[in-house]
Asker: 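Handing you a structure now.
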Amino acid sequence: LAKTTQPISMDSYEGQEVNITCSHNNIATNDYITWYQQFPSQGPRFIIQGYKTKVTNEVASLFIPADRKSSTLSLPRVSLSDTAVYYCLVGPISSGSARQLTFGSGTQLTVLP
Amino acid sequence: DTGVSQDPRHKITKRGQNVTFRCDPISEHNRLYWYRQTLGQGPEFLTYFQNEAQLEKSRLLSDRFSAERPKGSFSTLEIQRTEQGDSAMYLCASSLAGLAAKETQYFGPGTRLLVL
């Protein structure tokens with residue numbers, strides 16, 4: 001499984017756009033990039049998943065450059081409720097075999113008023 | 001609510017006692033995973049079921065831990081002779097795996113265990 005590197009923590013202010021970058025230099029051809037969000041005392045919540053270029057959903061965008069050695073989670077106009085730990089995960093998601101998720105320590109995002 | 005549910009949400013026990021946790025996955029999901037999370041760390045994989053079959057176990061899972069998924073629906077995780085080092089959040093996740101599908105795991109709220 002590809003190792004990921006994320007900043008330990010980030011601060012932002014309400015209303016700002018936040019970009020969290022994850023490095024994954026050893027990503028394999030069949031690996032996808034997945035981001036989860038976790039609030040204290042809750043299970044991780046799936047945010048977004050992508051393979052290349054750009055993916056956007058109702059809560060975030062995921063930017064993946066052509067070499068796929070990094071990815072950036074973009075949260076538009078954050079609010080206080082976006083304060084959480086964000087995990088970047090890399091691994092195959094073909095359903096032929098099970099995929100145990102390998103979490104790092106994540107990025108603690110703190111949104112300030 | 002049709003998400004993953006876990007019971008109990010909190011458990012306090014004395015060292016040496018046995019505890020059992022339950023996970024109810026999203027109803028049509030055929031895969032079920034157990035993870036453990038300690039403070040300040042990301043979740044760590046423990047074991048996984050495809051329907052009722054337990055197909056993989058982590059080396060983190062000592063002999064005191066056992067998991068079942070008897071009818072391919074809910075699952076239980078039992079810890080025998082608990083130790084203080086077992087104190088953690090125990091997370092369950094489920095997914096729908098199919099040949100053409102991308103698998104996404106959805107997590108429950110977790111059971112927080114404190115061993116005194």
Side-chain angles (χ1 to χ4, degrees), chain A residues 1-9 20 22 24 29-52 55 57 59-60 62 64 73 84-110, chain B residues 3-6 9-10 21 23-26 29-51 53-61 88-114:
Chain A
L1 295 170
K3 180 179 167 60
T4 60
T5 303
Q6 304 174 234
I8 294 174
S9 64
I20 306 174
C22 178
H24 28 80
T29 303
N30 61 342
D31 284 345
Y32 279 73
I33 300 151
T34 308
W35 286 80
Y36 280 83
Q37 174 194 56
Q38 188 175 28
F39 298 112
S41 298
Q42 293 187 25
R45 181 176 78 103
F46 173 83
I47 301 175
I48 199 166
Q49 187 174 73
Y51 184 80
K52 62 180 179 181
V55 179
N57 63 21
V59 298
L62 178 59
I64 306 167
L73 174 72
V85 177
Y86 292 81
Y87 294 98
C88 164
L89 293 88
V90 172
I93 60 168
S94 60
S95 293
S97 59
R99 185 171 77 105
Q100 50 169 281
L101 297 178
T102 300
F103 289 81
S105 298
T107 297
Q108 171 66 59
L109 172 65
T110 302
Chain B
V4 178
S5 61
Q6 294 187 243
R9 293 293 309 277
H10 304 273
F21 310 140
C23 170
D24 286 272
I26 294 171
H29 283 186
N30 53 359
R31 284 188 181 159
L32 188 150
Y33 297 79
W34 285 98
Y35 292 83
R36 179 172 66 189
Q37 184 174 26
T38 54
L39 204 60
Q41 301 298 315
E44 296 174 296
F45 169 79
L46 291 179
T47 189
Y48 131 82
F49 291 84
Q50 172 101 11
N51 300 312
Q54 187 175 16
L55 298 184
E56 190 172 343
K57 291 195 287 187
S58 164
R59 276 167 280 189
L60 293 175
L61 210 63
M89 172 83 88
Y90 290 84
L91 293 160
C92 174
S94 71
S95 68
L96 177 63
L99 288 177
K102 291 188 297 184
E103 180 186 9
T104 300
Q105 293 181 30
Y106 296 91
F107 284 81
T111 295
R112 184 169 294 283
L113 172 67
L114 177 61

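Computed from a predicted structure; not experimentally measured. Reminder, nothing fancy here: chain letters follow the sequence lines and each chain counts from 1. Heavy-atom basis, side chains included; hydrogens, waters and symmetry copies ignored.
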Asker: Using heavy-atom distances under 4.5 Å, tell me whether Q38(A) contacts chain B through its side chain, its backbone, both, or neither.
Answerer: side chain
Asker: Side chain from CB out, backbone as N, CA, C, O: work out which of these in Q6(B) comes under 4.5 Å of a heavy atom of chain A, or both, or neither.
Answerer: neither
Asker: Report the option among S58(B), G110(B), P109(B) that has the most heavy-atom pairs separated by less than 4.5 Å from atoms of chain A.
Answerer: P109(B)
Asker: So do P43(B) and Y87(A) actually touch side chain to side chain, heavy atoms under 4.5 Å?
Answerer: yes
Asker: Mind listing the closest non-hydrogen atom pair of L91(B) and G43(A) along with its distance?
Answerer: CD2-CA, 3.6 Å
Asker: Do you know the tightest heavy-atom contact between R112(B) and S41(A)?
Answerer: NH2-OG, 3.9 Å
Asker: Nearest 0.5 Å, what's the CZ-CD distance between R9(B) and Q42(A)?
Answerer: 7.5 Å
